[in-house]
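Read the structure below first, then the notes.
The structure presented is a predicted model; accordingly, all values stated were derived computationally and were not measured.
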Amino acid sequence: MNNRCILQLALLLCFSTTALSLSYNLLRLQQFNSSVECQKLLQQLNERPADCLSDRMDFKIPKEIKHPQQFQKEQAAFVIYEMLKDIFHVFERGYTNPGWNETVVKDLLAKLNHQMDLLNTTVVGKLGEENKTRAYSSTILRLKSYYARIRTYLEAKEYSSCAWTVVRDELHWNFSYINRLTDKFQN
């Protein structure tokens, strides 16, 4: 009787590990494709005016985001989720460049929202907010500070076309970093 219970428990553990592994592989593919689509949408927003070069700024993205070797799958998922949420908030405010195609901005927001939902249902929601906050608070705090600098920059520049061009370029790079983090989902 005991052997039968142990066998059933072992099979359940094996199947749940396999299911989670398949879930991460699917998530990796979906996340990568969505990030590429977001980059394409950002590129559609406007051309890079030559007179905006003086407005460039280093917003100082946290180093661990540029070089995510230390992150495990769950950590990477939490960080990606936070990045997407903050990128969404930058565009959601409604202060976007008046020269931008509103449909492209709405499509970008929809894509970001879809990515966040996907991450939340696959990983973030299952592990819980408490685990995220406890385990990754220093990285998340540095990310929050980074995105606050972006929003402050936009406000200081009064949401000018050049400021939005600089921010758009910065956020375009964010999706490259998200893709690096997404590689952590690979087995």
When rounded to the nearest 0.5 angstrom, what is the spacing between [atom1] in [X] and [atom2] in [Y]?
{"X": "Ile80", "Y": "Ser34", "atom1": "CD1", "atom2": "OG", "answer": "11.0 Å"}
{"X": "Leu27", "Y": "Gln115", "atom1": "CG", "atom2": "CD", "answer": "9.5 Å"}
{"X": "Leu84", "Y": "His114", "atom1": "CG", "atom2": "NE2", "answer": "11.0 Å"}
{"X": "His172", "Y": "Ser35", "atom1": "NE2", "atom2": "OG", "answer": "10.5 Å"}
{"X": "Ile140", "Y": "Lys85", "atom1": "CD1", "atom2": "NZ", "answer": "8.0 Å"}
{"X": "Asn33", "Y": "Asn179", "atom1": "CG", "atom2": "CG", "answer": "9.0 Å"}

Any chain of hydrophobic side-chain contacts (each under 4.5 Å) joining [X] to [Y]?
{"X": "Leu29", "Y": "Leu118", "answer": "no"}
{"X": "Tyr146", "Y": "Tyr81", "answer": "yes"}
{"X": "Leu41", "Y": "Val36", "answer": "no"}

* To do: Evaluate whether atom NE2 of His89 has more than 12 neighbouring non-hydrogen atoms of other residues, nucleotides or ligands under 6.0 angstrom away.
  =>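 Yes, because the 6.0 Å sphere around NE2 of His89 holds more than 12 heavy atoms from other groups.
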
* Lys144, NZ atom: more than 12 neighbouring heavy atoms under 6.0 Å ->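 Check passes, neighbour count above 12.
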
* Asked: Going through the checks in order, is the side-chain contact (heavy atoms from CB on, under 4.5 Å) test met by Phe78 and Leu181?
  -> CA-CA 10 Å; Phe78 282 132; Leu181 286 162; over 6 Å; no

* Asked: Arg142 and Glu64: side-chain contact (heavy atoms from CB on, under 4.5 Å), yes or no, with the steps?
  -> CA-CA 10 Å; Arg142 283 192 289 280; Glu64 63 267 33; 2.6 Å; yes

Could you tell me if the side chain of [Y] sits less than 4.5 Å from the side chain of [X], heavy atoms only?
{"X": "Met116", "Y": "Phe88", "value": "yes"}
{"X": "Met83", "Y": "Ile61", "value": "yes"}
{"X": "Asp117", "Y": "Asn113", "value": "yes"}
{"X": "Leu42", "Y": "Phe175", "value": "yes"}
{"X": "Cys38", "Y": "Leu112", "value": "yes"}
{"X": "Leu171", "Y": "Ile150", "value": "yes"}
{"X": "Trp164", "Y": "Val90", "value": "yes"}
{"X": "Tyr159", "Y": "Val167", "value": "no"}

Can a donor-acceptor pair be found, under 3.5 Å and without considering hydrogens, that links the side chain of [X] to the backbone of [Y]?
{"X": "Ser145", "Y": "Leu141", "answer": "no"}
{"X": "Arg168", "Y": "Leu45", "answer": "no"}
{"X": "Arg180", "Y": "Pro68", "answer": "no"}
{"X": "Gln31", "Y": "Thr182", "answer": "no"}

* **Listed partners of Glu37 passing salt bridge (charged side-chain N to carboxylate O under 4.0 Å, His left out), at least two apart** =>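 Here the qualifying residues are Lys111.
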
* Just jot down the side-chain contact (heavy atoms from CB on, under 4.5 Å) partners of Val166, sequence neighbours excluded, or say none. =>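 In terms of side-chain contact (heavy atoms from CB on, under 4.5 Å), with neighbours along the sequence ignored, Val166 is linked to Asp55, Phe59, Tyr153.
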
* To do: Would you sort out whether Lys106 and Glu102 count as a salt bridge (Lys or Arg N to Asp or Glu O under 4.0 Å), showing the intermediate values?
  => CA-CA 6 Å; Lys106 286 180 181 178; Glu102 194 172 313; 3.3 Å; yes

* Asked: Hey, are Ser176 and Gln39 close enough side-chain-wise for a donor-acceptor pair under 3.5 Å?
  ->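 A donor-acceptor contact under 3.5 Å links the two side chains.
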
* What do the steps show when you test Asn174 against Tyr147 for side-chain contact (heavy atoms from CB on, under 4.5 Å), and what is the final call? -> CA-CA 11 Å; Asn174 277 218; Tyr147 288 106; 2.3 Å; yes

